[in-house]
Number of protein chains: 2
Amino acid sequence: MATIRDVAKLAGVSIATVSRLLNKSGYVNEETKLKVEAAIRKLNYEPNTIARGLAGKKTGTLALVLPDISNPFFPELARAVEDVARTYGYTVLLCNSDNQPDKERGYMQVMRQRYVDGILFVSHTLNARDLESMSEAKIPIVMLDRSPAKVICPVVRSKNGEGAQLAVRHLLEVGCRKIGHIYGPQEMIVAKERVMGYEEAVRSFPWYTPTMMEPGYFTIEGGADAVEKLMSRHPDIDGLFIGNDLMALGALKKLKMLGVSVPDQVAICGFDGIQMAALTEPELTTIVQPIYDIGMMATRILIKKIEGLMEEHPIFEFDVSLAARGTTRTGRG
Amino acid sequence: MATIRDVAKLAGVSIATVSRLLNKSGYVNEETKLKVEAAIRKLNYEPNTIARGLAGKKTGTLALVLPDISNPFFPELARAVEDVARTYGYTVLLCNSDNQPDKERGYMQVMRQRYVDGILFVSHTLNARDLESMSEAKIPIVMLDRSPAKVICPVVRSKNGEGAQLAVRHLLEVGCRKIGHIYGPQEMIVAKERVMGYEEAVRSFPWYTPTMMEPGYFTIEGGADAVEKLMSRHPDIDGLFIGNDLMALGALKKLKMLGVSVPDQVAICGFDGIQMAALTEPELTTIVQPIYDIGMMATRILIKKIEGLMEEHPIFEFDVSLAARGTTRTGRG
DNA sequence: TTCCAATGTGTAACCGGTTACACATGGTGG
DNA sequence: CCACCATGTGTAACCGGTTACACATTGGAA
């Protein structure tokens, strides 16, 4: 592989000149420029990113830290991140944290050691101290999902509370008279916000009691288990708002096994808008998050921060929308 | 951030000694070792991966190049790769190629520029010349899926032909008398092998004609379109072997729309074993590939090659297995 | 005419590691 | 007693870039 010194020698200039041309920094005479470009072409020269990183502290690398890429919510997000990163000349490191603090810390270390330029974080585990350790290292971070409690970095997220209310309103519209909720782990802000949205929407109804809520794990099995408990406690529930699509799919499956007909006996609305939701029978009604857009926006913001084009810590909240499908086509509404 | 020179100074030794200790290369006196370790702890020293990469040409980075992480087949693979990589101290770069040669070439360039230690490739686009350009740069590659036509690097894959035959045999067992096939793009080796397996299994039957095969795009829509064409050409088909699960899901959906009952009128068997296949109603019978294991094995081999522990170019072919589910529960068999 | 800013280029230090090589010491076999 | 090897450590070059700084040259304003 040719180095910058080879290019300089062939073009009869100094390496500083070549570097200036490459980085469009400082002055370079038009003629010189042509000579150097010719040399670059002849030698098939490609600047070495590692050397650049060492000298300039910029490696053109973003890290994407998420709980688990095999959770169907994340691939589309990852895709968006990678697409945007690539168009700006960045490369993406993939990190699965499983929401385990020690894994996350491990990655943080790796990132400092690698001069990662910026980090996209999907996590509810990360605490403020960890974030600070990153800002000491001057590595910009953008959080997805996280609460805006203490804003110390930009946040990109969906309007979870509004989405939950949208879901409940829809269930009411299609004729539900008693609507339960299956919620995810309350350490996760998104889960909590959806619970709050649900309560907000139902608390004025006489039928509502807190026992109409049931916790689950944000997985297919979690949804299946929770729906069974909830339905045995409140057999007369005729509508379910479920905290994410994965749980909703599990619940749908379980209800079928239990001989409960969906949507005739119980209508279901999920949350997220993952692909799989459109494939079941009946198709799952859900609150759709613009996953790709969220990933795009987060990455753009991160790159802006990296390149020093943004000082503030904006918070972007994306609107969600209802995809009304088979699991709420009751014929009662 | 502390550097190796800070550590050396504090410990009262030379940087070479620190480096030797860090890399467990050469001799280090037990007492010296303790002093240096104390200094490392006190300074909170972490060796800089970038500098290491520049000096030693090893960056601890793997690249995973696949068509599209948002295709449900790949997240589990990616997860396996990242898991194994992490346990060996490697980091994974995620690259979506969309099977576009120019994107792939772009990534190749990035990888050379970054001293990526090794590459995992899922591609049917990559040609021999590209591969050679990588081996010139001495970057080990492991291919997933690719044909073993010209073995110039290790290959890890599934027994597609056997899987196809398994599928057809199963369809026959459950009573199908006329089995069609929807296949994926023939540039893709896996698609071709499945076609060949199908033909092998059906060609001795009197009902078989090549018109019982229909091409599709390995997507949900591709499967939906293909099944419609195929069924209008051969309305008496009572079993379908479909080249991948995504297409099978599309076909299932379309048949329902067309009023064809599955599995009563037409039984369906897919290929891959993606999560979603177990969620439909009826659940999709499919040929399951051990996706996670494939990813694990490929990554292990790659790391072995990187670390010089393997010279050969082995070919691993994983067994596939039948997951008999609702779409083939005909009651005819 | 003088001075200064804009333009253009080269030198050399630096980023933070790895490693070849030289050198010292002490024990062992012949 | 000497040669030689295993052990232990330091010096300095090198990896391939970036960039501060010094040093021309040129042209226009004062």
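On a predicted model such as this, the values are computed, not experimentally measured, just so you know. Naming convention: chains lettered A, B, ... in sequence-line order (proteins, then strands); numbering from 1 in each chain.
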Q. In whole Å, what is the span from the NZ atom of A/Lys57 to the P atom of C/dC14?
A. 13 Å
Q) Given A/Tyr90, which of A/Thr61, A/Ile303, A/Thr59, A/Thr299 fulfils the side-chain contact (heavy atoms from CB on, under 4.5 Å) condition? A) A/Ile303
**Q.** Side chains of A/Gln275 and A/Phe73 in contact at under 4.5 Å (non-hydrogen atoms)
**A.** no
Q: Take atom NZ of B/Lys9 and atom P of C/dG16, then tell me their distance rounded to the nearest Å.
A: 13 Å
**Q.** Nucleotide-resolved protein contact map, nucleotides 18-23 of chain D, B/S/- at heavy-atom distance under 4.0 Å
**A.** BB----
Q | B/Tyr115 side-chain N/O to D/dG16 phosphate OP1/OP2 under 4.0 Å | A | yes
Q) Can you tell me how far C1' of C/dT9 sits from NZ of A/Lys33, to the nearest Å? A) 16 Å
Q: Give the nucleotide from the list D/dG16, D/dG10, C/dG10 with an atom nearest to the side chain of B/Leu54.
A: D/dG16
Q) Where the side chain of A/Lys58 meets the backbone of A/Tyr115, is there a donor-acceptor pair that is under 3.5 Å apart? A) no
Q: Write down the distance between CD (A/Glu30) and P (C/dT9), rounded to a whole number of angstrom.
A: 11 Å
Q.
A side-chain contact here means heavy atoms from C-beta on lying under 4.5 Å apart; do B/Leu302 and B/Val81 qualify?
A. no
**Q.** Spacing between B/Asn48 atom CG and D/dC15 atom C1', to the nearest angstrom
**A.** 13 Å
Q: Take the protein atom NZ of A/Lys24 and the nucleotide atom C1' of C/dG8, then report the distance between them rounded to whole Å.
A: 17 Å
Q.
Between A/Asp117 and A/Lys305 (salt bridge meaning N to carboxylate O under 4.0 Å), is one present in this structure?
A. no
Q.
Quick check for you: among D/dT11, C/dG8, D/dC15, whose closest atom lies nearest to any side-chain atom of B/Ser14?
A. D/dT11
Q. So do the side chains of A/Ile301 and A/Met297 get within less than 4.5 Å of each other, counting heavy atoms only?
A. yes
Q: Starting from P on D/dC14, measure out to NZ on B/Lys58 and report it in whole angstrom.
A: 22 Å
Q) What is the nucleic acid contact for A/Thr49, judged by heavy atoms within less than 4.0 Å: base, sugar-phosphate only, or nothing? A) nothing
Q: Kindly indicate, with the supporting measurements, whether the criterion salt bridge (Lys or Arg N to Asp or Glu O under 4.0 Å) is fulfilled by A/Asp293 and A/Arg300.
A: CA-CA 10 Å; A/Asp293 294 337; A/Arg300 291 222 176 101; over 6 Å; no
Q. Between B/Tyr27 (OH) and C/dC23 (P), how many Å, whole number?
A. 19 Å
